[in-house]
Amino acid sequence: MTTTEIATSSIDIFSDEVLQDPYPHYAALREEGAVVYLPRNDLWALTRYRTIRDALENSSVFSSQRVAFNDDMNRALAGTSLATDAPDHRQLRKTLLAPLTPRALKSIEDDIGSKADRLVDDLVARGSFDAIGDLARAFPLQVVSDMIGVQGVARENILRWGEAAFNVLGPMNQRSVENFPVAGELFQWCKTVRQEDLVEGSLGHGIFESAKRGEIAPESCGAIIHQYVAAGMDTTITSIGNAIAHFAAFPDQYARLAADPSLVRSAFNETLRYEPPVNLFGRHVKSDIEVEGTLIPAGAQAAVLFAAGNRDPRHYDDPDTYRIDRDPADHLAFGYGIHTCAGQGLARIEALAILSACARRVRSFRVGEGQRQINNMTRGLSSLPVLEIRAK
Ligand code: HEM
């Protein structure tokens, strides 16, 4: 492909039809080119594994000032780690990461493990339940709310807020418009939350202590809490829900895991590769750049399709097959480069705790029909009835 022949596609990557089952569309885009212009979205889609990694590494050209696909959200996110470029990004990320380092997380890992064991014991005893509502949502709701110290009305709303926070990153389609008021409730709560609203000893409470010690600006406290909720809820929920859905869809793979629960880390990596919770993020192209022979002009908006890169046959063998022993630790689901997911340690602890509790207790299970949850940015289910469980 040369700069005079730009690969284009007429699909709207945020349409219901594409979001219902994006993978055939992503495969077509990937074969069309490493870079494909989408006139209906006015976006330059980056479709292949290598192209995506290279772009995420080149953050001086592929800027995070437009991670969302609409101007209102990009304005609202200004000043957050997610939407800030180097060099300012470094300090913001450092502050955000402090409570999420492996050392900091070590202190809550055992507690998360015990909570997972209790929840799974309870669900196995019930025999039938909704794998999304009763497990994938219930667990991060408890863990993240406890960790941040969220209580009362905020705790009751945190699931709605987390889902809306991703929908509004899309273009100004109906889904975004409908979700703006809900995402606005989260912004408003974070703007007004006080230390005494959060449980003493929690991470959220501690952020206000850091501000008192002068380590961060007092006005940053709400913004940091916003990032934990907005980035940390729906993603983790989706990853756990998708893992259960894959185990149900590929019972031979679950049987391997149940026989050898030490495969759980590899199985989780494969779940994130096969169906990343976040399909894509945006980037603002700051200067003309030629990518694989295609010139992307300065000022353009790029769409980094993690989910397309994760199924690129140029990088992964037989990429449409779900194989729990593949262990694709280099998947793109947590992004890559300076903005690589700041919460991946926590997400992994939560997911591994739940999935290994399942693998140790459940021999096999049978599910009914799941309902897809259509979100501009994330890919998961809204329900998945577990009809029957055979305990070990
Ligand atoms: C399986 C669960 C998760 C997935 C798949 C995920 C995915 C991602 C991705 C793809 C990015 C990169 C965004 C970009 O390049 O523009 C990211 C960044 C980020 N994530 Fe996660 N995430 C998960 C869980 C979490 C959790 C639990 C938290 C916090 C408690 C969190 C906090 C963040 C933050 C703060 C950033 C921005 C980092 C920066 O800009 O330096 N994430 N995440």
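Atoms within a ligand are numbered from 1 in the order they appear, just like the ligands themselves.
Between Tyr316 and Tyr49, the ring planes are perpendicular. Angles over 60° get that label, and only those under 30° would be called parallel. Taking the six-membered ring for Trp and thresholds of 30 and 60 degrees, Tyr26 and Tyr23 have ring planes more than 60 degrees apart, a perpendicular arrangement. A perpendicular orientation is assigned to the rings of Phe281 and Phe306, their planes being inclined by more than 60° (bins at 30° and 60°).
Using a 4.0 angstrom heavy-atom cutoff, Ile338 counts as in contact with ligand 1. In this structure, Pro277 counts as a contact residue of ligand 1, since one of its heavy atoms falls inside 4.0 Å of the ligand. Taking a 4.0 Å cut-off on heavy atoms, Tyr336 fails to register as neighbouring ligand 1. The closest approach between Pro276 and ligand 1 stays at or above 4.0 Å for every heavy atom of the residue.
Looking at Thr236 next to ligand 1, no N or O pair under 3.5 Å apart turns up. Residue Ser81 places at least one N or O, backbone or side chain, under 3.5 Å from an N or O of ligand 1.
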Just distance, no hydrogens or angles: give the donor-acceptor pairs under 3.5 Å from side chains in residues 176-185, sequence neighbours left out.
residue : atom : partner : partner atom : Å
Ser176  : OG   : Asn167  : O            : 3.2
Ser176  : OG   : Pro171  : O            : 2.7
Ser176  : OG   : Asn376  : ND2          : 3.1
Glu178  : OE2  : Gln174  : NE2          : 2.8
Asn179  : ND2  : Arg175  : O            : 2.8
Glu185  : OE1  : Arg160  : NH1          : 3.0
Glu185  : OE1  : Trp161  : NE1          : 3.0
Glu185  : OE2  : Arg160  : NH2          : 3.2

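Closest heavy-atom approach to atom 15 (O) of ligand 1 among the candidates Met377, Arg283, His89: Arg283. Of the listed options Met147, Arg348, His339, Arg90, His339 places a heavy atom closest to atom 12 (C) of ligand 1.
Short contacts between ligand 1 and Ser239, defined as distances under 4.0 Å to a heavy atom of the residue, involve ligand atoms 1 (C). Residue Gln227 has at least one heavy-atom neighbour below 4.0 Å for each of these atoms of ligand 1: 35 (C). Close approach of ligand 1 to Val67 is summarised as follows: ligand atoms under 4.0 Å from at least one heavy atom of the residue are 16 (O). Residue contact check: Phe306 has heavy atoms under 4.0 Å from atoms 10 (C) of ligand 1.
By the criterion of a separation under 2.8 Å, the protein N/O/S atoms near atom 21 (Fe) of ligand 1 amount to Cys341 SG.
Between Asp85 and Ser63, the side chains place a donor N or O and an acceptor N or O closer than 3.5 Å (distance only, hydrogens not considered).
Contact check on Asp312 versus Arg50 returns no salt bridge, with no Lys/Arg side-chain nitrogen under 4.0 Å from an Asp/Glu carboxylate oxygen. Between Asp327 and Arg265, no side-chain nitrogen of the basic residue sits less than 4.0 Å from a carboxylate oxygen of the acidic one, so the salt-bridge criterion is not met. Checked for salt-bridge contact, Lys115 and Asp111 meet the test: a charged N lies under 4.0 Å from a carboxylate O.
Partners of Lys286 according to the side-chain hydrogen bond (donor to acceptor under 3.5 Å, both in side chains) rule, which considers only residues two or more places apart in sequence or in another chain, do not exist here. Every residue meeting the side-chain hydrogen bond (donor to acceptor under 3.5 Å, both in side chains) condition with Arg213, not counting sequence neighbours, appears here in chain and number order: Glu215.
Although no hydrogens or angles enter the test, the distance criterion places a donor-acceptor pair under 3.5 Å between the side chain of Glu270 and the main chain of Arg323.
What sits closest to atom 10 (C) of ligand 1 on the protein, heavy atoms only, is Ala333 O, 3.2 Å. Given atom 38 (C) of ligand 1, the protein heavy atom at minimum distance is Arg93 NH1, 3.4 Å.
How far CE of Met73 is from CZ of Phe187: 4.0 Å, rounded to the nearest 0.5 Å.
For Pro22 against Leu19, the heavy-atom pair with the smallest separation is CD-O, 3.6 Å.
Under 4.0 angstrom from ligand 1, the non-hydrogen atoms of Leu82 come from both its backbone and its side chain.
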